[in-house]
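Data first, discussion second: the structure below is written as structure tokens.
One is the number of the first residue; the rest follow in order along the sequence. These values consider heavy atoms only, across backbone and side chains, with no hydrogens, waters or symmetry-generated copies.
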Amino acid sequence: MLRNFFATVALACGMSAMAWPGMDMPPLRVDGRYLKDDAGNIVNLHGFAQTYSPWFNERGTKWTNYDVNGCLEYNKKKIDEMLEAGWKMNFIRLHMDPYWSNTPGVSTTGENDISAFDFNRFRTYLSQVFIPMAEYAISKGLYVVMRPPGVCPENIEIGDSYHKYLKRVWGYVSTQPKLANNPYIMFELANEPVHIKGTDGQFGANTDGCNKNLTAYFQEIVDLMRGNGCDNILWIPGTGYQSQYAGFAKYPITGDNIGYAVHVYPGWYGSDAIEPSHELGGSYGGGFSAFADGWAAQIKPVADFAPVMVTEMDWAPSKYDASWGKSITGKMFGEGFGANFKLLADNSGNVSWLIFTGCEFLAAFKDEPSVGDTYTVLNDPEACPWPVYHWYKDYAGDDLGISDYKPVFSTRAVGDEYVVMPGSSVSLALIADSGNGYQMNLRSEFDVTVNDPSILTWDDGVFTVHSPGLTSATVTYNISGRTESMEVKFNSTLFPFVEGYLNPSIWEKGSFDETTHTIKTGQYGFAGWKYSNGIDISDYRYLIAEMEGDNQSAVSFRVYDQNNYWSDPAMADFGKGTKAVLDLANLKSDSGRKLDPSHIYIVGFWSLGNAPFKISRVYLSDNPEGDTGLDDVVISTEGKTVDVYNLQGMKLKCNVSVEDASTGLQPGIYVIDGRKISVTR
């Protein structure tokens, strides 16, 4: 069984694991989509970050005034204390903070302002602070990822002053004997690019022209370093504060030993957040499914061909003011950020990551659960230090005594079937509750056979849903040497009014009552369904939504043919009526752009957010009036048994006689024996 951390792989293969202080560290290289050691084992690193400036070292209370010895003593001590506390870490992200390279006393507008940069100071403190800290970390069994001073300006372009600055920094670093070709040192080429000027002359983050120029921008730096004879592993950042990577799949950085450095915070990529992130706007997320969709759209494109390293990531409830990210650990496949992040990273199989929480907190960690509800940031299971401490131990091969793993799907069962949506993906994992406030997942190879591949397929660890309908699958897996299997039924439907499928918080924080179909969006918010792989509804003429009760929130029914909420949708307002109809043959946005109904990514409802509203159903029809005009169909096959579905594809009855098929149904349209039937009273 392929494990997702290399120490355990080494043990499983009968070799000495890369363990901790005092043991030899194997050199690493990029081999395809993986980091590997010199024995060919897949390596994923797990670590922490250090920044060498007074403010980031407990806000100026420990050393100041360019005190080199004070800086080194404090930060070396923190590394010792973290390892003594039991943290099983094997890499450090080392920030060459501009505190040392900026001219003292020169005012700047922030870390993205390079006007005070002094190259001579950088050379001096590279040798006096950063190289000594790198050497100390390596002596403690830690690989080192060095990042340049500060952060990127808001807008960058090929050949600008910041580009020249990065080339000067890395041009010098890549010639230093203690750094260049050091098998334990890697370089992250920039921190959080936001926008880049594209080939059209406009600044942006995710257009084709921006993607092309971003690759050219960093390719120049890569080529410069390689020309200096520096073959270290290089980690390439994306735009959007290191959140946009799809463009690299089309325009990859060329050369050997290349990976991609990603940042992941609550609220990014559709993940759950308590507070919206200041960088990427006001998204609160939508549980695992939305996070997985965002991951698939922006991280998976590079993870498919190169290793990924998450160089910033943490979370904690807001009350602790100890982490940048504001969210909770939550549950795998459920609400929350942390557990779902781990699941996605592990399922990728080639993602290294760190915890960005301050070293002073991690050094003070004690593996002692809270008594009662007297939580601190260090022992609250909903904050990152507690679960991550134990996850790191598991990655390192420690036996945490957890064995009761169970197969869990990312979709929820309704009755004896798992409800899925066409255009979406369904993950499967073996998950156990630790009994100590966090969950564990076991990476496993599943053997899967699907009965109807036109509805559902299995590939690369996920089910992909293609069309509405019913099918089943046989899943076989291995736990602790024993083989088990199960039969799973899937019900694929386009518009399920089921919690976990209808997301009330696609934009702004909303709520949804599954029992009554009542939705309340956040202010100017959006609720509905997202289809990561798109759906094809072009075989029908109309898409119809029906509302019950008053419309007090200016509800608008909207559909998107781009996988981006901020693209321009087609819209139909309910106004004072109870029905909103979208003509799929003439689907246009307000700007007049024609939408393509053969690949729809988002369907749902915008509202003012001042009042709840109730949507009875959403369905496809060939008649603009909806149900009226449907042919009356008479089923007369005596003794035949049938299944009964609503127009959303949910099975309501199974193997009932034709005579009893409509018994107990509310007035409306149903699918019985594969045909639309009108039930009236």
Side-chain angles (χ1 to χ4, degrees), residues 28-36 43-45 93 143 145-148 151-152 156-160 162-171 173-174 179-181 183 185-199 204-264 295 297-312 348-353:
L28 301 180
R29 70 183 191 282
V30 172
D31 184 354
R33 64 187 298 266
Y34 297 104
L35 282 181
K36 290 187 178 180
V43 179
N44 287 317
L45 301 173
R93 186 198 194 212
Y143 294 93
V145 177
M146 301 180 76
R147 58 168 275 203
V151 301
C152 288
I156 60 174
E157 62 180 292
I158 296 171
D160 68 1
Y162 194 75
H163 199 199
K164 294 173 182 176
Y165 158 80
L166 286 178
K167 288 194 282 188
R168 192 175 193 193
V169 167
W170 291 122
V173 168
S174 62
L179 301 177
N181 299 315
I185 292 179
M186 300 167 264
F187 303 121
E188 182 180 0
L189 296 190
N191 188 74
E192 296 199 340
V194 186
H195 302 124
I196 188 167
K197 182 180 283 188
T199 54
N206 200 27
T207 66
D208 188 72
C210 291
N211 293 333
K212 187 174 184 178
N213 276 2
L214 184 68
T215 295
Y217 188 96
F218 285 108
Q219 188 70 60
E220 286 192 21
I221 300 172
V222 170
D223 293 345
L224 170 66
M225 299 177 76
R226 298 306 192 222
N228 288 339
C230 172
D231 194 38
N232 303 59
I233 293 171
L234 305 181
W235 298 100
I236 312 300
T239 49
Y241 301 95
Q242 287 185 238
S243 71
Q244 304 282 351
Y245 291 84
F248 285 118
K250 184 175 181 181
Y251 305 110
I253 299 291
T254 60
D256 297 329
N257 277 338
I258 299 295
Y260 293 85
V262 174
H263 291 180
V264 186
W295 185 286
Q298 288 299 341
I299 298 178
K300 188 176 184 297
V302 289
D304 281 346
F305 68 88
V308 168
M309 175 174 279
V310 177
T311 55
E312 288 190 21
S348 293
N350 64 340
V351 175
S352 299
W353 56 276

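The structure places OH of Tyr165 at 9.0 Å from SG of Cys152, a figure rounded to the nearest 0.5 Å. Note that CG of Leu224 is 11.5 Å distant from CH2 of Trp170, once rounded to the nearest 0.5 Å. If you take CD on Glu157 and OH on Tyr162, they are separated by 14.5 Å, rounding to the nearest 0.5 Å. Between the CG atom of Asn191 and the CD atom of Gln242 there is a distance of 5.5 Å, given to the nearest 0.5 Å. Separating the CG atom in Leu179 from the CZ atom in Phe187 is a distance of 5.0 Å, to the nearest 0.5 Å. With values rounded to the nearest 0.5 angstrom, Lys300 atom NZ is found 11.5 Å from Phe305 atom CZ.
Residues that satisfy the salt bridge (charged side-chain N to carboxylate O under 4.0 Å, His left out) test with Arg226, not counting sequence neighbours, are absent from this structure. Legend: residues meeting side-chain hydrogen bond (donor to acceptor under 3.5 Å, both in side chains) with Trp235, ordered by chain and number and at least two apart, are absent. Listed by chain and residue number, Asn228 satisfy the side-chain hydrogen bond (donor to acceptor under 3.5 Å, both in side chains) test with Ser174 (two or more places apart in sequence, or in another chain). Applying the side chain to side chain contact (heavy atoms under 4.5 Å, CB included) test to Lys36 and every residue at least two apart in sequence or in another chain returns Arg29, Asp31, Tyr34, Ile42. Scored by the side chain to side chain contact (heavy atoms under 4.5 Å, CB included) test, Val30 finds Leu35, Ile233, Asn257, Pro307 as partners (sequence neighbours excluded).
Without hydrogens or angle criteria, Glu188 side chain to Pro237 main chain gives no donor-acceptor distance under 3.5 Å. For Asn211 (side chain) and Ala246 (main-chain N/O), no donor-acceptor pair under 3.5 Å exists by modelled atom type. Here the side chain of Asp231 pairs no donor or acceptor atom with the backbone of Asn181 at under 3.5 angstrom.
No side-chain heavy atom of Thr239 sits less than 4.5 Å from a side-chain heavy atom of Val194. No side-chain heavy atom of Ile236 sits less than 4.5 Å from a side-chain heavy atom of Tyr245. Leu214 places none of its side-chain heavy atoms less than 4.5 Å from the side chain of Gln244. Trp295 has its side chain within reach of Ser348: a pair of non-hydrogen atoms, C-beta onward, lies under 4.5 Å apart. In this structure, the side chains of Val145 and Leu45 stay at 4.5 Å or more apart for every pair of heavy atoms. Side-chain atoms of Met309 and Arg93, non-hydrogen and from C-beta on, never get closer than 4.5 Å to each other. Counting heavy atoms from C-beta outward, Ile253 and Leu234 have side chains that stay 4.5 Å or more apart. Side-chain contact between Ile158 and His163 is present, with heavy atoms from C-beta onward closer than 4.5 Å.
Dense packing is recorded around CG of Asp160, with more than 12 heavy atoms of other residues, nucleotides or ligands lying under 6.0 Å away.
Counting only residues at least two apart or on different chains, the salt bridge (Lys or Arg N to Asp or Glu O under 4.0 Å) pairs with a member in residues 207-224 are Lys167-Glu220, Asp208-Lys250.
Smallest separation of non-hydrogen atoms from Leu166 and Ala190: CD1-CB, 4.0 Å. Of all heavy-atom pairs between Pro252 and Tyr260, the closest is CA-OH, 3.8 Å.
Of the residues Asn350, Val302, Val308, the one that meets the side chain to side chain contact (heavy atoms under 4.5 Å, CB included) test with Arg33 is Asn350.
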>> Using the rule given for side chain to side chain donor-acceptor pair (under 3.5 Å), can you reason through His263 versus Ser243, listing the C-alpha separation, both sets of side-chain angles and the distance that settles it, and then say yes or no?
In response: CA-CA 6 Å; His263 291 180; Ser243 71; over 6 Å; no

